[in-house]
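Dropping a structure here in structure tokens format, bear with me for questions.
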Amino acid sequence: MEYTFREIERKWQQAWKENKAYEVPNETSKPKFYVLDMFPYPSGAGLHVGHPLGYIASDIYARFKRLKGFNVLHPMGYDAFGLPAEQYALEHGVHPADSTARNIATFRSQMDKIAFSFDWSREVKTSDPAYYKWTQWIFLQLFKSWYNREADKAEPIDTLLEHFSKEGNSRHPLPNAQSVIPGLENNNFTAGDWNGFTEPVRQAILMEYRLAYCGYGEVNWCEALGTVLANDEVINGVSERGGFPVEKKRLRQWYLRITEYADRLLKGLQTVEFSEAMKEMQGNWIGKSSGAEISFAIAGYDAATLDVYTTRPDTIFGVDFMVIAPEHELVGEITTADQKVAVEAYIAYVKSRSERERMAEKKISGVFTGAYAVNPFNQKQIPIWISEYVLAGYGTGAIMAVPSGDERDHKFARHFNLPVTNIIGEAYNGEEANPTKDAKLTNSDFLNGVVMREAIDIVIGKLEEMGIGKRKVNYKIRDAAFSRQRYWGEPFPIKWIDGIAYPLDESELPLELPYVESYKPGPDGEGPLANIPEWTASHLETNTMPGYAGSSWYFLRYMDPHNDQTFCDRKWSDYWRQVDLYVGGTEHAVGHLLYSRMWTKALFDLGYISFDEPFKKLLNQGMIVGVSRFICCDDANHQLLSHDIAYRDANSQEKIEALQRIYTTRRVPSEYVDKLGRFIISKTEDFIKEFKLQGYKFIPNEDGIIELEFAIEKMSKSKRNTINPDDIVFEYGADTFRMYEMFLGPVEMSKPWDTKGIEGVHRFLKKLWRLFFDEAKGKLVTEEKATPDELKILHRTIKKIEEDTERFSFNTSVSAFMVCVNELTDLKCHKRQILEPLLILLTPFAPHISEELWQQLGNSTSILDAAFPAFEASYLVESSKEYPVSVNGKMRTLINLDLNASQDQVQEIVLANDIVQKWMEGKPLKKLIYVKGKMVNVVV
RNA sequence: GCCCGGGUGGCGGAAUUGGUAGACGCAGCAGACUCAAAAUCUGCCGUUCGCAAGAAUGUGCUGGUUCGAUUCCAGUCCCGGGCACCA
């Protein structure tokens with residue numbers, strides 16, 4: 001009997017489907033385990049071999065946990081709303097709903113061929129009204145909540161109303177001190193004020209507290225995409241999708257008040273198992289820094305103080321100038337008449353520069369305002385400058401510049417010839433700033449001789465005493481822009497009446513996205529929904545939610561996917577709780593992962609779930625990159641040459657360079673390349689036709705082969721270097737494909753796809769098959785009792801696979817199978833006692849062949865329900881009495897030492913001494929060291 | 001510039017975390033079976049010297065700790081990733 005993988009795989013996939021083998025009950029006595037993949041965005045390109053890497057890893061782990069007796073939730077779905085589908089719609093006139101449905105069907109068929117153990121009965125699609133009903137519902141909960149800083153948690157807005165009507169906002173000042181509320185003189189009000197406010201004023205105030213709120217703000221506007229983007233969707237001044245320019249624009253936007261969660265998002269990182277790199281990235285994004293806010297008096301100007309934020313209050317005597325952002329509110333007021341022209345010119349110049357220019361050039365520029373601040377400790381007058389290197393959006397938009405300690409301040413001082421006060425003695429060399437915290441202060445009045453690190457607290461204490469400063473923590477993270485001027489997203493369940501946002505009633509959900517023929521932008525930066533008369537007539541919000549809305553909570557919906565009464569019954573979220581293992585790429589480090597962590601915390605605060613971190617352990621899979629091939633091309637002579645022919649004489653760098661001037665290269669799509677990376681000769685005609693190379697001739701080498709050059713690149717449809725998993729599965733089977741992807745290397749690592757290596761894994765499965773069947777003799781399996789050597793092989797393998805799989809080392813697991821099968825083949829071991837447990841071990845990796853052989857052994861139930869075999873330590877003890885000995889630190893040989901037999905160390909050493917002495921031909925032994933109970937080291 | 005990773009054969013990668021480096025696989029070489037091919041099997045496969053047994057050397061580089069270092073420490077050079085006027 002042969003290993004007919006296509007037939008076997010089709011048969012079992014069918015059987016598992018019919019038996020609903022992967023459906024997971026909520027009600028069971030088993031312990032739970034939740035393994036989740038980041039669900040895909042169903043793009044039109046379909047899956048390539050890089051995509052399933054993480055899915056295979058998580059599938060193996062899920063199946064492994066199932067064998068170990070867990071009730072494993074392992075679902076899959078689609079992140080179906082989003083920009084690309086709409087871009088595609090605009091370009092091709094296909095409705096996003098249609099193209100998305102078609103793409104999902106492709107994804108599904110590709111995934112089915114790889115035999116993932118997903119419970120498809122729990123599938124979710126974020127664009128499904130039954131799903132986004134609850135996305136809208138959660139949005140409403142955020143809208144109807146505020147963050148109580150005293151309790152450090154979100155609460156329903158009603159509790160805030162209670163505070164307001166009893167005591168105004170004295171205990172709960174506006175989260176954003178810079179907020180401007182029309183009709184409210186300053187941002188503080190009493191209970192009496194509150195009760196006297198009109199409804200619009202009250203609503204405007206409440207909006208400033210809501211966790212999901214609408215306001216005007218500087219946003220990242222992308223003209224080409226016609227929408228606003230979140231900070232994490234903008235990279236180096238261009239959009240992540242498409243690379244279009246992004247500019248700052250002031251627009252009405254919805255936001256999530258994620259800043260209120262900054263500290264908890266940071267602290268929560270300590271409770272989850274994310275990679276250090278991932279924690280670092282999130283930590284950077286949140287960007288916590290602590291220091292002080294200091295109010296400087298402005299000479300001759302009493303109306304306001306100049307407030308700066310600094311992490312280094314210890315350097316206060318080194319402040320040589322102040323710098324404020326060009327947008328700073330005081331600019332107009334403090335600028336002296338002399339400087340007015342220069343300042344206005346500078347502000348005009350700054351406005352003329354785009355975000356990108358600013359970032360690309362980093363020119364030192366600025367202008368003096370003519371005004372002076374006063375150092376509160378020594379009354380020194382400090383000039384106030386304006387420069388674009390100070391950002392309006394961070395801290396107070398003003399800094400105290402300490403050129404001896406800060407590189408940017410130092411450059412600025414140099415550029416404008418400002419004096420530099422040295423407050424760190426020899427630690428400052430006069431050439432460049434030294435940001436140390438460990439120097440002793442000089443020129444610093446009462447701080448002279450104090451180490452800077454310690455001076456920080458002293459200064460803050462003094463400032464607080466004087467009432468001109470306070471300890472302050474700052475974060476880089478900004479509230480997340482939550483609206484898109486787009487069609488293909490969740491509509492906001494909000495109605496605008498007389499400028500006030502009213503939430504829809506829960507009974508009105510879902511607010512369905514209307515079907516439209518055109519996705520053209522609406523008027524005045526509004527979304528396409530503004531083009532629909534019925535929509536605007538009902539005063540509905542015309543923006544839609546961003547792509548990350550639906551993905552911020554989908555892991556909860558899988559627990560209770562068909563519930564139409566609530567987003568997820570508390571009973572089931574209490575059972576499944578956190579995702580135990582979350583697998584996905586690093587690209588979502590500061591987007592999706594941060595947002596879903598915030599939503600989880602908010603839902604936790606509001607009492608809807610019982611945990612406040614969604615993902616317990618995060619495994620980041622690497623990318624599988626492609627190998628692109630290029631053919632050497634001699635355009636002058638119309639020849640396409642085998643690489644070795646073209647570069648035959650390239651024995652020096654000069655010659656190589658000379659040849660490179662003669663030849664160019666042309667990209668060869670993967671379908672023209674064989675497994676060994678050579679051009680497939682039979683396709684020359686097609687290639688010439690496709691790339692319009694009429695008259696070109698192919699020049700193979702002596703062996704009739706056309707060798708190609710290669711480069712490692714990211715797989716992409718446009719580069720035509722993708723490998724479709726369907727093709728691999730067709731040629732080798734899903735089991736081989738699964739094992740090979742794991743065998744390539746650690747899951748976390750990026751690596752190039754190399755098709756030729758897959759043969760080895762395929763050979764392994766055939767070899768395994770031959771332990772059970774011989775083509776001529778038929779069934780080989782016997783009921784004979786296993787020998788100790790065979791048992792040793794089995795139990796060692798069980799131990800290794802269990803340990804390696806538990807620590808996600810799937811590549812070494814696959815190797816362990818190969819070693820085991822090689823050894824059993826050598827021993828001609830065909831015993832059921834050995835082979836049956838081996839099949840169970842293999843099930844997570846290669847489910848089809850395992851199930852087939854399992855049934856062939858006469859088992860009546862599915863191997864999916866088998867129990868993971870336990871190893872017996874007794875078989876693992878080394879039977880050999882030989883131990884390695886090192887002499888002078890070098891491992892020399894094995895000698896006959898019975899260390900296990902004796903518990904008495906002295907006896908062992910004597911024994912070793914004896915033998916080693918003999919072995920060393922009488923050379924004296926100076927020292928004998930007993931190490932680790934198994935190793936004897938001798939120093940001569 | 002700052003912060004994380006990582007440098008091991010021709011290649012992908014192992015090494016129980018301080019104990020015989022190079023498992024497993026690919027590629028390569030030699031052989032068996034075969035009319036032949038495929039498939040399968042066996043042996044060899046870091047470098048240098050040697051007919052061989054064997055010896056020396058070897059985990060980016062330079063030092064250090066140790067009986068013993070791919071593993072720990074210091075310095076240095078490369079490669080990959082992230083952040084980047086955040087005061």
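Numbers restart at 1 for each chain; the letters A, B, ... are given by sequence-line order, proteins then strands.
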Rounded to whole Å, please give me the gap between CG in A:Asn620 and C1' in B:G80.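 These atoms are roughly 15 Å apart.
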In whole angstrom, give me the gap between the P atoms of B:C61 and B:G43. 34 Å
Now, which nucleotide makes the Watson-Crick or G-U wobble pair with B:C51, with each of the two distances under 3.5 Å? none
Distance check, C1' atoms only: B:U57 and B:G50, in whole angstrom units.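 Rounded to whole Å, the distance is 15 Å.
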A:Asp307 side chain to A:Thr305 side chain, donor-acceptor N/O pair below 3.5 angstrom: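 Present: a donor and an acceptor within the cut-off.
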Please classify the nucleic acid contact of A:Met400 as base, sugar-phosphate, or nothing, using heavy-atom distances under 4.0 Å. nothing
side-chain N/O A:Asn284 vs B:A84 OP1/OP2, d < 4.0 Å: no
Is it the case that more than 12 heavy atoms not belonging to A:Lys437 sit under 6.0 Å from its NZ atom? no
Could you give the distance separating B:A39 and B:A32 at their C1' atoms, to the nearest angstrom? 14 Å
Is any side-chain N or O of A:Arg770 closer than 4.0 Å to OP1 or OP2 of B:C41? yes
Does A:Tyr394 have a side-chain nitrogen or oxygen under 4.0 Å from the phosphate oxygens OP1 or OP2 of B:A87?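 Looking at the OP1 and OP2 atoms of B:A87, one of them is under 4.0 Å from a side-chain N or O of A:Tyr394.
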In whole angstroms, the gap separating P of B:G82 from NE2 of A:His588 amounts to 14 Å
Which nucleotide, B:G12, B:A87, B:C83, lies nearest any side-chain atom of A:Phe743?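 For A:Phe743, the side-chain atoms sit closest to B:G12.
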The side chain of A:Val390 lies closest to which of these nucleotides: B:C26, B:A87, B:G12?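 The nucleotide sitting nearest to the side chain is B:A87.
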Quick check for you: among B:G12, B:A14, B:A87, whose closest atom lies nearest to any side-chain atom of A:Ile399?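 Within the option list, the nearest is B:A87.
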What is the separation between atom CE on A:Met739 and atom C1' on B:C24, rounded to the nearest whole Å?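 The distance from CE of A:Met739 to C1' of B:C24 comes to 11 Å, rounded to the nearest Å.
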Whole angstroms only, please: what is the NZ-P distance between A:Lys751 and B:G13?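 Distance, rounded to whole Å: 8 Å.
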Taken to the nearest whole Å, CZ/A:Phe773 to C1'/B:A39 is 19 Å
Checking base pairs now: Watson-Crick or wobble, both atom distances under 3.5 Å. What partners B:A32?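 WC or wobble partner is B:U40.
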Rounded to the Å, how far apart are A:Glu407 CD and B:G1 P? 12 Å
Mind checking A:Asn822 for me? I need base, sugar-phosphate or nothing, with any heavy atom below 4.0 Å counting as a touch. sugar-phosphate
Could you check which nucleotide pairs with B:C61 in any of the strands shown, counting Watson-Crick or G-U wobble with both distances under 3.5 Å?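 The answer is B:G75, by the H-bond criterion.
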Take atom C1' in B:U8 and the same atom in B:G13, then report the distance between them in whole Å.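 It comes out at 9 Å once rounded to the nearest Å.
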Can you tell me how far C1' of B:G12 sits from CG of A:Leu53, to the nearest Å? 14 Å
Taking CD in A:Glu748 as the centre, count heavy atoms belonging to other residues, nucleotides or ligands within less than 6.0 Å. Is the count above 12?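 Counting neighbours around CD of A:Glu748, more than 12 heavy atoms of other residues, nucleotides or ligands fall under 6.0 Å, so yes.
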To the nearest Å, how far apart are A:Glu741 CD and B:C24 C1'? 18 Å
My understanding is that a pair needs two contacts under 3.5 Å, Watson-Crick or G-U wobble. By that rule, which nucleotide pairs with B:A14? none
Using a cut-off of 4.0 Å on non-hydrogen atoms, how would the nucleic acid contact of A:Lys476 be classed: base, sugar-phosphate, or nothing? base
Taking for A:Pro746 and for A:Gly397 the nucleotide of RNA chain B with the nearest heavy atom, the one nearer the 5' end belongs to A:Pro746
N or O in side chain of A:Ser750 less than 4.0 angstrom from B:G80 OP1/OP2: no
Considering Watson-Crick and G-U wobble pairs with both distances under 3.5 Å, what does B:C2 pair with? B:G82
Could you check whether A:Asp735 and A:Tyr740, counting side-chain N and O atoms only, form a donor-acceptor pair closer than 3.5 Å? no
If we take the C1' atom in both B:U66 and B:G18, what is their distance in whole Å? 9 Å
Give a yes or no answer on whether the side chain of A:Ser813 reaches the backbone of A:Ser809 with a donor-acceptor pair at less than 3.5 Å. yes
Which whole number of Å gives the distance between the C1' atom of B:G60 and that of B:C77?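 Each nucleotide's C1' atom is 8 Å from the other's.
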Classify A:Lys767 by what it touches in the nucleic acid, base, sugar-phosphate, or nothing, heavy-atom distance under 4.0 Å.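 Sugar-phosphate: the residue A:Lys767, judged by heavy atoms under 4.0 Å, touches backbone atoms but no base.
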Distance, P atom - from B:G7 to B:C44, rounded to whole angstrom: 29 Å
Which part of the nucleic acid, if any, lies within contact of A:Asp409, taking any heavy atom under 4.0 Å across all strands shown: a base, the sugar-phosphate backbone alone, or nothing? nothing
Ring geometry between A:Phe5 and A:His762 (parallel below 30°, tilted from 30 to 60°, perpendicular above 60°): perpendicular
Pair A:Tyr309-A:Ser289, side-chain donor/acceptor within less than 3.5 Å: yes
Take atom NZ in A:Lys279; do more than 12 heavy atoms of anything else shown fall under 6.0 Å from it?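 Yes - once you tally the heavy atoms of other residues, nucleotides and ligands closer than 6.0 Å, there are more than 12.
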Looking at A:Arg763, does any N or O in its side chain come under 4.0 Å of the phosphate oxygens OP1/OP2 on B:A39? no
Go through B:C24, B:U42, B:A14 for me and flag the one nearest to the A:Val819 side chain.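 Of B:C24, B:U42, B:A14, B:C24 is nearest to the side chain of A:Val819.
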A:Asp406 or A:Thr812, whichever maps to the more 5' nucleotide of RNA chain B: A:Thr812
A:Lys766 side chain: which of B:C4, B:A87, B:A39 is closest?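 Shortest atom-to-atom distance from the side chain points to B:A39.
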Please state the C1' separation for the pair B:U17 and B:G10 - nearest whole angstrom.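 Straight-line distance between the two C1' atoms is 29 Å.
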Using a cut-off of 4.0 Å on non-hydrogen atoms, how would the nucleic acid contact of A:Arg807 be classed: base, sugar-phosphate, or nothing? sugar-phosphate
